[in-house]
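Have a look at the structure below, then the notes.
Just so it is clear: chains get the letters A, B, ... in the order the sequence lines come, proteins before strands, and each one is counted from 1.
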There are 2 protein chains.
Amino acid sequence: MYVSARSDYALRAMLAVAAGGGELVKAATLANNQAIPLSFLQGILVDLRRAGLLLSHRGTEGGYALARPADEITVGDVLRAVGGSLTTVRGLPAERAGYQGVASGLRDVWLAVHGAIALVVDRTTLADLLCVPRRPPVDDPLPS
Amino acid sequence: MYVSARSDYALRAMLAVAAGGGELVKAATLANNQAIPLSFLQGILVDLRRAGLLLSHRGTEGGYALARPADEITVGDVLRAVGGSLTTVRGLPAERAGYQGVASGLRDVWLAVHGAIALVVDRTTLADLLCVPRRPPVDDPLPS
DNA sequence: AGTATTCCTATTAAGTTGGTAGGAAGAGTG
DNA sequence: CACTCTTCCTACCAACTTAATAGGAATACT
């Protein structure tokens with residue numbers, strides 16, 4: 001259960017763009033606003049544009065803007081854009097794991113985990129996260 | 001949302017030991033039973049033993065056995081034994097992320113994801129997984 | 001005592017991820 | 001057109017994970 005730096009940076013960048021309120025935001029602004037290495041961020045922004053989540057504009061007054069309203073982009077959309085499948089087991093999507101013998105039951109565990117994660121990230125939009133005091137609609141039941 | 005090879009192998013090995021029915025199972029048997037590289041598996045088995053989940057015995061008739069009954073070891077126990085914290089963001093545990101500005105809300109998302117995962121893996125025991133036709137007690141609501 | 005088998009540990013190679021650097025292409029301005 | 005700014009793209013380096021190998025330490029049997 002590892003959230004990669006790419007996924008984390010992508011979400012922070014998307015939130016910073018969303019906070020710009022429709023104006024074009026430059027990559028350099030995002031980088032030092034959220035303490036993200038600029039060159040690394042640029043590769044992530046290309047992924048987000050190719051996934052249809054961001055619009056880009058080159059030139060002197062260039063920058064990035066959301067392709068859809070902030071309440072129509074979910075956390076899951078962003079994660080899938082930069083990481084492929086939402087959950088992967090040893091690099092493969094959870095549904096094609098290929099277990100044999102006594103480990104057959106594991107597949108269902110990963111599918112259940114996948115479903116539980118999807119339930120959270122597909123119901124939380126960028127707009128939800130910009131209203132800070134409100135928490136996402138799942139409480140955390142178990143510690144550690 | 002990445003399940004490492006280490007975590008996957010650890011669970012498969014624990015299930016194979018549990019299926020041995022109290023008898024000592026050799027590392028080599030586990031390795032070619034579940035198609036795991038032997039030398040890599042040995043390092044994992046050491047972690048599981050140090051975490052108090054496995055007992056080991058050396059010598060001609062040596063091998064590994066569960067330290068507790070299979071219905072008292074959860075999937076979460078195994079994941080924490082080999083991977084430290086259950087969910088990590090950029091290598092750090094989810095609860096110490098350190099977001100600033102517009103990204104503050106992200107912390108709650110990861111905590112919610114962490115809680116949702118824990119709900120699944122801490123309620124599923126090795127004994128549950130050995131009864132194959134039964135599925136873990138969470139249904140998967142959303143595809144992809 | 002000796003031997004075979006096994007767990008255990010350290011070292012090394014290959015592959016992926018995180019991060020950096022430089023340049024090519026497009027957009028505006030004079 | 002020349003110049004500047006910014007996105008976009010490619011190749012490159014460092015660190016970690018995965019994988020494989022070799023040798024040492026402990027146990028059991030003859």
Side-chain angles (χ1 to χ4, degrees), chain A residues 1-13 16-17 20 23-67 79 81-85 88-92, chain B residues 1-13 17 20 23-51 53-65 67 79 82-85 88-92:
Chain A
M1 311 304 166
Y2 183 81
V3 178
S4 66
R6 246 185 128 68
S7 300
D8 188 50
Y9 288 159
L11 275 167
R12 280 156 61 179
V17 172
E23 297 292 312
L24 288 177
V25 185
K26 298 193 222 304
T29 306
L30 298 171
N32 63 355
N33 186 346
Q34 286 294 317
I36 304 174
L38 174 58
S39 338
F40 192 35
L41 175 63
Q42 287 181 326
I44 297 170
L45 292 171
V46 171
D47 283 349
L48 292 171
R49 183 183 62 82
R50 281 204 263 250
L53 298 179
L54 284 182
L55 300 176
S56 68
H57 219 254
R58 293 203 244 202
T60 313
E61 293 297 315
Y64 293 89
L66 296 187
L79 292 178
V82 297
S85 181
T88 59
V89 181
R90 295 173 52 211
L92 294 166
Chain B
M1 309 305 165
Y2 182 81
V3 178
S4 68
R6 223 179 152 70
S7 300
D8 188 51
Y9 289 159
L11 275 167
R12 280 156 59 179
V17 173
E23 297 293 311
L24 288 176
V25 184
K26 299 192 222 305
T29 305
L30 298 173
N32 63 357
N33 185 348
Q34 286 293 317
I36 303 173
L38 173 58
S39 41
F40 190 34
L41 174 64
Q42 286 183 325
I44 297 169
L45 291 171
V46 170
D47 283 350
L48 293 171
R49 183 181 59 82
R50 280 204 263 251
L53 298 179
L54 283 182
L55 300 176
S56 67
H57 221 256
R58 294 201 245 202
T60 313
E61 294 296 315
Y64 293 89
L79 292 178
V82 298
S85 182
T88 59
V89 181
R90 294 174 51 212
L92 293 166

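Within residues 29-38 of chain B, the residues having any heavy atom under 4.0 Å from DNA chain D are, by residue number, B:P37.
OP1 or OP2 of D:dT17 has not a single side-chain nitrogen or oxygen of B:S4 nearer than 4.0 Å. Proximity of A:Y2 to the phosphate of D:dC16: no side-chain N or O atom is located under 4.0 Å from OP1 or OP2. Residue B:R49 places no side-chain N or O under 4.0 Å from the OP1 or OP2 atom of C:dC7.
Each of B:Y64 and B:R90 was assigned the nucleotide of DNA chain C with the nearest heavy atom; the assignment lying further toward the 5' end belongs to B:Y64. Sequence order on DNA chain C of the closest nucleotides to B:K26 and B:V46 puts B:K26 first from the 5' end. Both A:T60 and A:R50 lie close to DNA chain D; mapped to their nearest nucleotides by heavy-atom distance, the more 5′-ward contact belongs to A:T60.
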Test log, rule side chain to side chain contact (heavy atoms under 4.5 Å, CB included), inputs A:R90 and B:V3: CA-CA 6 Å; A:R90 295 173 52 211; B:V3 178; over 6 Å; no
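At a cut-off of 3.5 Å, with distance as the only test, no side-chain donor of B:R49 or B:Y64 sits close to an acceptor on the other residue. For the 3.5 Å distance criterion, the side chains of B:S7 and B:S4 qualify, holding a donor opposite an acceptor.
Summarising the geometry, the separation between CD1 on A:I44 and C1' on C:dG18 is reported as 10 Å, rounded to the nearest angstrom. Rounded to whole Å, atom C1' of C:dC7 lies 13 Å from atom CG of B:L54. The distance between atom CG of B:D47 and atom P of D:dT18, rounded to the nearest whole Å, is 12 Å. In this structure, the CG atom of A:L24 is 12 Å from the C1' atom of C:dA27, given to the nearest Å. In this entry the distance linking OH of B:Y9 with C1' of D:dA20 reads 13 Å, nearest Å. Rounded to whole angstrom, the span from the CG atom of B:L41 across to the C1' atom of D:dT21 amounts to 16 Å. Between the P atom of D:dT7 and the CG atom of A:L55 lies a distance of 14 Å, rounded to the nearest Å. A straight line from CZ of B:R12 to C1' of D:dT18 spans 14 Å, rounded to a whole angstrom.
Interatomic distance, A:K26 NZ to A:E61 CD, rounded to the nearest 0.5 Å: 5.0 Å.
Of the candidates C:dC7, C:dA27, D:dA28, C:dA27 carries the atom nearest the A:H57 side chain, counting heavy atoms from C-beta on. Of the candidate nucleotides D:dA19, D:dA26, C:dG19, C:dG19 has the atom nearest to the side chain of A:A5. With distances taken from any side-chain atom of A:Q42 to the nucleotides C:dA25, C:dT6, D:dC9, the minimum falls on D:dC9. The nucleotide whose nearest atom lies closest to any side-chain atom of A:F40 is, among D:dA19, C:dT20, C:dC7, C:dT20.
In this structure, B:A28 reaches neither bases nor backbone, as no heavy-atom distance under 4.0 Å exists between it and the strands shown. Across all strands, A:G43 comes closer than 4.0 Å to no nucleic acid atom at all (heavy-atom distances). At the heavy-atom level, B:S56 lies under 4.0 Å from the strands shown only through sugar-phosphate atoms.
No hydrogens or angles were tested; on distance alone, nothing pairs the side chain of B:R58 with the base of C:dT6 as donor and acceptor under 3.5 Å.
Put simply, the side chain of B:N32 does not reach to within 4.5 Å of the side chain of B:L38, judged on heavy atoms. Residues A:L45 and A:L54 have side chains in contact (heavy-atom distance under 4.5 Å, counting atoms from C-beta outward). Using a 4.5 Å heavy-atom cutoff, the side chains of A:R6 and A:F40 are in contact. Side-chain contact check for A:V25 versus A:N33: every heavy-atom pair is 4.5 Å or farther apart.
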